[in-house]
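To keep things clear, I will list the structure first and then write my remarks on it.
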Amino acid sequence: MTVQPPATTYPGKTLGIVGLIASIPFNVIGLIISIVALVQSKKAGYRNTPAVVGIIIGAVLTLATVVVIIVVMMIAFSFVGNCAELGPGIHEVNSVAYTCS
């Protein structure tokens, strides 16, 4: 009779690490992968710390990305609105130079 050693890995462990790493450059993808890994681990009765950290990092960075996109869009629309109001040419308003075409 052969005795097998206890399993050293659990479902979702590797996927949790992948999700954690992916959540930094690819926020939404890493967030989704981390959620899938956490669900797999919970079904098997294990805790998956890398997946939890991946979910937190992915969610925070996704939120930060959305905020940055909104701010950049607001600045761009403000610039376009100023140029529409000022007309073509180079204008200085409140020590800010606008080049409108």
Side-chain angles (χ1 to χ4, degrees):
M1 176 163 84
T2 307
V3 177
Q4 295 203 352
T8 57
T9 62
Y10 52 86
K13 179 180 180 182
T14 303
L15 197 57
I17 295 169
V18 170
L20 171 61
I21 294 169
S23 67
I24 296 170
F26 310 107
N27 315 118
V28 176
I29 294 170
L31 177 63
I32 293 169
I33 292 171
S34 295
I35 291 170
V36 169
L38 185 63
V39 168
Q40 286 180 354
S41 297
K42 280 193 173 191
K43 282 184 181 178
Y46 291 97
R47 294 181 64 193
N48 193 341
T49 304
V52 172
V53 173
I55 291 169
I56 292 168
I57 291 174
V60 168
L61 291 180
T62 299
L63 181 64
T65 301
V66 169
V67 168
V68 167
I69 289 171
I70 290 171
V71 168
V72 168
M73 288 178 61
M74 288 174 57
I75 291 170
F77 288 141
S78 172
F79 180 76
V80 170
N82 284 337
C83 280
E85 189 177 301
L86 296 171
I90 299 174
H91 309 280
E92 187 171 330
V93 178
N94 297 331
S95 301
V96 176
Y98 292 95
T99 304
C100 303
S101 54

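Count residues from 1 along the sequence.
Counting only heavy atoms from C-beta outward, the side chains of E92 and V96 never approach each other to under 4.5 Å.
For the residue pair T62 and N27, no side-chain donor N or O sits within less than 3.5 Å of a side-chain acceptor on the partner.
I33 CD1 to I55 CD1: the interatomic distance, rounded to the nearest 0.5 Å, is 11.5 Å. Taking CG of L20 as the start and CG of L31 as the end, the distance is 12.0 Å to the nearest 0.5 Å. Here N82 contributes atom CG and C100 contributes atom SG; the two are 7.5 Å apart, rounded to the nearest 0.5 Å. Between I35 atom CD1 and S23 atom OG the span is 11.0 Å, to the nearest 0.5 Å. R47 CZ to K42 NZ: the interatomic distance, rounded to the nearest 0.5 Å, is 9.5 Å. Rounding to the nearest 0.5 angstrom, the gap separating the NZ atom in K13 from the OH atom in Y46 is 10.5 Å.
Between P88 and S101, the shortest heavy-atom distance links the atoms CB-C, 4.1 Å. Between V52 and L38, the shortest heavy-atom distance links the atoms CG2-CD1, 3.8 Å.
Looking only at distances, no side-chain donor or acceptor of S41 sits under 3.5 Å from a matching main-chain atom of N48. With hydrogens and angles ignored, the 3.5 Å screen pairs a side-chain donor or acceptor of S34 with a backbone N or O of G30.
Sorted by first and then second residue, the pairs that involve residues 72-101 and meet ring-ring contact (aromatic ring centres under 6.0 Å, His included), not counting sequence neighbours, are F79-Y98.
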